[in-house]
Structures are given as C-alpha cells and as structure tokens.
Amino acid sequence: MFRNSKLAYGITAIVTHWLSAIVVIGLFAVGVWMVELTYYSAWYKTAPHLHKSVGILLLAVTLFRLLWRSVNPKPVPEANHKPWERLAAHIAHLAIYVLLLVIMCAGILISTAEGRGIMVFDWFELPGFGPFFENQADIAGDIHQYAAYSLIALVVIHAAGALKHHFIDKDATLLKMIKFNRG
C-alpha cells in the first residue's frame, strides 16, 4: 500500500506528488504576489518568511521523493503509450525535478547571500554561508524567477498530458496517481 508496485503508485508517492503539486503552485502564486508588495504592506516581511519556510520544507519533501523513487519500482507504462510519449514523460519528469532543485537552491542563495540563515517557521534555521560569487542575490534571483516560470509552464504541459491520457486515450495513467489500494 505504501510502496509502489509494477501496476500502481503507492500511497507515499501519491501523497507526496499531490502535496508537492499544491505547494509548487501556491509558492509560485505567492512569489508573484509578494514581489509587488511595498515596504508598508502588512505582508512585506511575513510573505517572504512563509515563502522561504515552505520552500525549505518542499526541498526536504523533494529530496525524500527522489530517494523514495530510487528505491521503489516504477509502475509500467500503459500498453498504448507510444515510445515518444514514454520518452517525453521521462524527460518532463527529469526536468521537473531539476527545475525544482534549481529553484530551491537559487532561493537559498538569494536568502543567504548576506550571511544570514533562513528561519523555517521558528522551528530551525538553515545556516547561511555568505556569498559564493559577486552579485549572488541578483543572479540567483533571476535564476529563481526564470526557473519558476519554466517549471509552471512544464507543470501545465504535464497536467495536460495526464488529462489527455485520461479523457482522450482513456487509459489508467492519471488513475495511477489518484487511486490508492490497487494491485
């Protein structure tokens, strides 16, 4: 039930997938909103703190997902999937993970460029090591922004592909990531 099988994803993969999806979309929306805040906004300090805290927790979940993925079987693709669809899915999943890690590492580089750590919900502090290169916050900020927009575009394509498999191809691709307790 918790582990994947050759036919289905387990509850761990399903929950971490959907939790990550919701958090990524939420962080993107908050990120777009918070860069427009002025110094006098009540959210000026709170929004970035929440964004960073949730982002660090997402990093932990993403690293867990990568570990979980490496020790679990991957369900076999549906028989009707064409070779190019399998390749596209593989590349898209790889790109999603790479973009997630790039975004989160860039976010850490932005926040720690002046040597300060990142407080995560007052639970713990991710230490800051200071700048690693000139204009670190600005360069990492650009990378963070462009990678985030790229990730959201890829997420839209990923979701469209899942819906195509469900509604047009009428196969079980989407159901594998929704339903629990299948053999």
Side-chain angles (χ1 to χ4, degrees), residues 9 12-71 74 87-163 177:
Y9 288 101
T12 304
I14 293 170
V15 169
T16 57
H17 171 272
W18 290 108
L19 176 66
S20 296
I22 291 165
V23 169
V24 163
I25 293 166
L27 283 173
F28 180 77
V30 168
V32 169
W33 168 70
M34 77 180 187
V35 296
E36 299 298 323
L37 295 174
T38 66
Y39 179 77
Y40 299 103
S41 169
W43 286 95
Y44 184 75
K45 288 187 180 185
T46 305
H49 172 70
L50 293 173
H51 186 83
K52 292 174 198 178
S53 294
V54 173
I56 295 297
L57 296 179
L58 179 62
L59 174 58
V61 170
T62 302
L63 294 174
F64 172 78
R65 284 182 73 191
L66 288 167
L67 175 65
W68 188 258
R69 182 179 168 125
S70 73
V71 299
K74 187 175 178 193
L87 179 62
H90 175 72
I91 292 170
H93 284 106
L94 179 63
I96 286 170
Y97 281 115
V98 167
L99 285 168
L100 281 169
L101 293 173
V102 165
I103 291 163
M104 293 181 277
C105 289
I108 291 168
L109 289 174
I110 295 165
S111 299
T112 61
E114 294 181 10
R116 289 190 301 270
I118 302 170
M119 274 311 289
V120 179
F121 292 120
D122 297 326
W123 298 340
F124 65 92
E125 184 175 7
L126 185 71
F129 299 106
F132 292 104
F133 49 89
E134 192 77 26
N135 297 322
Q136 178 174 309
D138 292 335
I139 294 167
D142 288 342
I143 292 168
H144 190 75
Q145 179 183 4
Y146 292 123
Y149 278 102
S150 298
L151 176 63
I152 290 301
L154 191 52
V155 164
V156 168
I157 293 167
H158 176 67
L163 293 172
M177 194 45 80

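Owing to the predicted nature of the structure, the values given are computational and were not obtained by experimental measurement.
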*asked:* Strictly by side chain to side chain donor-acceptor pair (under 3.5 Å), give each pair with a member in residues 106-117 just once, sequence neighbours left out.
replied: E114-R116

*Mark yes when over 12 heavy atoms from residues, nucleotides or ligands other than F64 sit less than 6.0 Å from its CZ; otherwise mark no.*
yes

*asked:* Is there a side-chain contact between V32 and Y149 in this structure, where contact means two heavy atoms from C-beta onward sitting under 4.5 Å apart?
replied: yes

*Working to the nearest 0.5 Å, report the span between OG1 of T62 and CG of L57.*
10.5 Å

_Main-chain N/O of M119 paired to S53 side chain as donor or acceptor, under 3.5 Å_ = yes

*Worked check of side-chain contact (heavy atoms from CB on, under 4.5 Å) between T16 and W68*: CA-CA 10 Å; T16 57; W68 188 258; 5.8 Å; no

*Walk me through it: do F28 and V155 pass the test side-chain contact (heavy atoms from CB on, under 4.5 Å)?*
CA-CA 12 Å; F28 180 77; V155 164; over 6 Å; no

*Quick one: does W123's side chain get under 4.5 Å of I56's, heavy atoms only?*
no

*Taking all non-hydrogen atoms of both residues into account, name the closest pair between I118 and K52 and its distance.*
CG2-CB, 3.9 Å

_Please find the pair of heavy atoms, one from L37 and one from S41, that lie closest to each other, and give the distance._
CD2-OG, 3.5 Å

In residues 88-103, what donor-acceptor pairs under 3.5 Å come from side-chain atoms, sequence neighbours left out?
unit_1 : atom_1 : unit_2 : atom_2 : d
H93    : ND1    : A89    : O      : 2.7
Y97    : OH     : R65    : NH2    : 3.3

*S70 side chain vs L67 backbone, donor-acceptor pair below 3.5 Å*: yes

*asked:* Measuring only between side-chain heavy atoms, which start at C-beta, is M34 closer than 4.5 Å to Y44?
replied: no

*side-chain contact (heavy atoms from CB on, under 4.5 Å) assessment of H51 paired with L27*: CA-CA 6 Å; H51 186 83; L27 283 173; 3.6 Å; yes

*asked:* Just verifying a value: how many Å separate H158 NE2 and L163 CG, rounded to the nearest 0.5 Å?
replied: 10.0 Å

*Which distance, rounded to the nearest 0.5 Å, do you find between the CG of L109 and the CE of M104?*
13.0 Å

*Kindly give the heavy-atom pair with the smallest separation between L58 and S20, and that separation in Å.*
CD1-OG, 3.9 Å

*I108 and L59: side-chain contact (heavy atoms from CB on, under 4.5 Å), yes or no, with the steps?*
CA-CA 10 Å; I108 291 168; L59 174 58; 3.8 Å; yes

*asked:* Ignoring hydrogens, what is the shortest heavy-atom contact between M177 and I14? Give both atom names and the distance.
replied: O-CG2, 3.4 Å

*asked:* Counting neighbours of CH2 on W43 that are heavy atoms of other residues, nucleotides or ligands and sit closer than 6.0 Å, is the number greater than 12?
replied: no

*asked:* Please find the pair of heavy atoms, one from A113 and one from P131, that lie closest to each other, and give the distance.
replied: O-CD, 3.1 Å

